[in-house]
Asks: 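Before I ask anything, here is the structure I am working with.
Position 1 is the first residue of the sequence, and the numbers go up from there. Note that the structure is predicted; figures quoted are calculated from it, not measured.
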Amino acid sequence: MFTGIVKELGRVTAVDTSDDGARLRIEAKLAGELSEGDSVAVNGACLTATSVDDAGFEAEVMNQTLSLTTLGELETSSPVNLELPLRATDRLGGHVVQGHVDGAATVTDLSDDGFAKRLRIELPDELLPYVVERGSIAIEGVSLTIAGLTGNGLEVSLIPETLERTTLGAAEPGDRLNVECDVLARYVQRQLSPLTTKEH
C-alpha cells in the first residue's frame, strides 16, 4: 500500500528485456531502506526488489505489467518516481494507492496556471467511469486531485513542488503516463454494475 507521495526521483541504469519480461536496474538512495523481496512503487507500479545494494536495486517486470503500464518504454537514464510502502505509523499524506496501474493515459496539453501548471490527459474509455471532479487519482505514482473533467479525460494542477520532485515536471503532449484510479471508485462501480445491467 502506498500514498502517492513520491520519496525520490531515481534513475534507470540498465534495462534487460526478453520474451519473458524485463529487468530494471534503478539507481536510488532509498535502496538503503530496501531488502530483497520488498515492494517499491516505480512510476506508480508496485514492483518487488529482487536485488539490492547501496547504489540501487533491481526489479523484474512481468509481461502483464508491461502491457498495462509504460514501464516497457523506460530507457537507460530515464528518471522514475519512487515510493516505499506505507508503514502503519506513517501519515497518509496523499490517498490510498495500491500500485496496481489501471492503464496508460496520454498527455494532451500542459499550460501555465499561475505558479502551477495545468496538465490535461486523455484516458482510455474504460477508465472514464472511475473519475470524478475533485476526486483522487494517481498519475505516474503521484497522488493528485482531479481539477476538472473533459469529454475524454481530466485535468490536474501541478504545484511547483510536484513539478520539481517528480517526472511530471518534464511531461509533454503525446507522453504516455501510468494511471491508477481511486480504489473506492472501482469498488463502487463494481457494486453498481449488476444494477445498471438489470436496468438495461
Side-chain angles (χ1 to χ4, degrees), residues 1-10 22 24 26 30 38-49 59-74 78-87 90-108 110 119-150 152-159 162-163 165-171 175-193:
M1 198 70 69
F2 305 91
T3 68
I5 304 299
V6 172
K7 181 165 185 180
E8 182 180 348
L9 201 55
L24 302 176
I26 297 173
L30 59 67
D38 284 351
S39 295
V40 57
V42 179
N43 283 354
C46 180
L47 302 179
T48 300
E60 295 177 343
V61 189
M62 61 183 178
N63 286 325
Q64 181 182 8
T65 303
L66 291 172
S67 68
L68 284 172
T69 72
T70 63
L71 295 185
E73 301 168 20
L74 293 174
S78 292
V80 287
N81 297 325
L82 300 175
E83 182 187 358
L84 296 174
L86 179 69
R87 296 185 180 94
D90 286 346
R91 289 190 178 98
L92 186 59
H95 71 283
V96 175
V97 177
Q98 294 183 300
H100 301 164
V101 173
D102 291 305
T106 303
V107 177
T108 58
L110 187 66
L119 175 71
R120 177 177 288 192
I121 61 172
E122 180 179 331
L123 290 171
D125 289 344
E126 62 270 20
L127 300 187
L128 291 174
Y130 303 109
V131 296
V132 295
E133 193 167 356
R134 291 184 294 280
S136 297
I137 193 165
I139 301 178
E140 290 292 279
V142 182
S143 175
L144 297 167
T145 299
I146 297 169
L149 299 177
T150 64
N152 56 0
L154 57 87
E155 292 182 346
V156 293
S157 287
L158 307 175
I159 62 173
T162 302
L163 294 168
R165 293 175 56 87
T166 77
T167 58
L168 296 181
D175 287 351
R176 291 181 355 113
L177 307 176
N178 292 328
V179 170
E180 180 184 332
C181 299
D182 188 354
V183 64
L184 295 178
R186 291 205 299 263
Y187 279 119
V188 169
Q189 176 69 13
R190 175 65 176 174
Q191 293 298 315
L192 291 178
S193 58

Asks: Taking Ser143 for its side chain and Ile5 for its backbone only, find out whether a donor-acceptor pair lies under 3.5 Å.
Replies: no
Asks: Roughly how far, to the nearest 0.5 Å, is CG of Leu47 from CG of Leu24?
Replies: 7.0 Å
Asks: Under the side-chain contact (heavy atoms from CB on, under 4.5 Å) rule, what do Val6 and Leu82 come out as? Steps first, then yes or no, please.
Replies: CA-CA 6 Å; Val6 172; Leu82 300 175; 5.6 Å; no
Asks: When you check the gap from the basic side-chain N to the acidic O, do Lys7 and Glu83 get nearer than 4.0 Å?
Replies: no
Asks: Return the CD to CG distance between Glu73 and Leu66, rounded to the nearest 0.5 Å.
Replies: 10.0 Å
Asks: Take Leu149 and Leu128, measure what side-chain contact (heavy atoms from CB on, under 4.5 Å) needs, and give me the verdict at the end.
Replies: CA-CA 9 Å; Leu149 299 177; Leu128 291 174; over 6 Å; no
Asks: Please enumerate all residues that pass salt bridge (charged side-chain N to carboxylate O under 4.0 Å, His left out) together with Glu8, with sequence neighbours excluded.
Replies: none
Asks: I need the Cys181 SG to His100 NE2 distance, nearest 0.5 Å.
Replies: 14.0 Å
Asks: Search all heavy atoms of Leu119 against all heavy atoms of Ala171 and return the closest pair with its distance.
Replies: CD1-CB, 4.4 Å
Asks: Can you tell if the side chain of Ile146 reaches within under 4.5 Å of the side chain of Val132, non-hydrogen atoms only?
Replies: no
Asks: How many angstroms lie between OG1 in Thr145 and CG in Leu154, if you round to the nearest 0.5 Å?
Replies: 11.5 Å
Asks: With Val101 as reference, evaluate Thr69, Val179, Thr65 under the side-chain contact (heavy atoms from CB on, under 4.5 Å) test and give the passing residue.
Replies: Thr69
Asks: What distance separates Ile121 CD1 from Ile139 CD1, expressed to the nearest 0.5 Å?
Replies: 4.0 Å
Asks: Between CG of Leu110 and CG of Leu163, what distance do you get to the nearest 0.5 Å?
Replies: 7.5 Å
Asks: Where the side chain of Glu180 meets the backbone of Gln98, is there a donor-acceptor pair that is under 3.5 Å apart?
Replies: yes
Asks: Which heavy atom of Ala105 sits nearest a heavy atom of Pro124, and at what distance?
Replies: CA-CD, 4.5 Å
Asks: So does Gln64 have more than 12 non-hydrogen atoms from other groups sitting under 6.0 Å from CD?
Replies: no
Asks: Where is the tightest heavy-atom contact between Pro85 and Ser39, given as atom of each residue plus distance?
Replies: CD-O, 3.2 Å
Asks: Which residues satisfy the side-chain contact (heavy atoms from CB on, under 4.5 Å) test with Glu140, sequence neighbours excluded?
Replies: Asn43, Thr70, Asn81, Thr167, Leu168, Leu177, Asn178
Asks: Out of Leu71, Ile26, Thr166, which one pairs with Val80 under the side-chain contact (heavy atoms from CB on, under 4.5 Å) rule?
Replies: Ile26
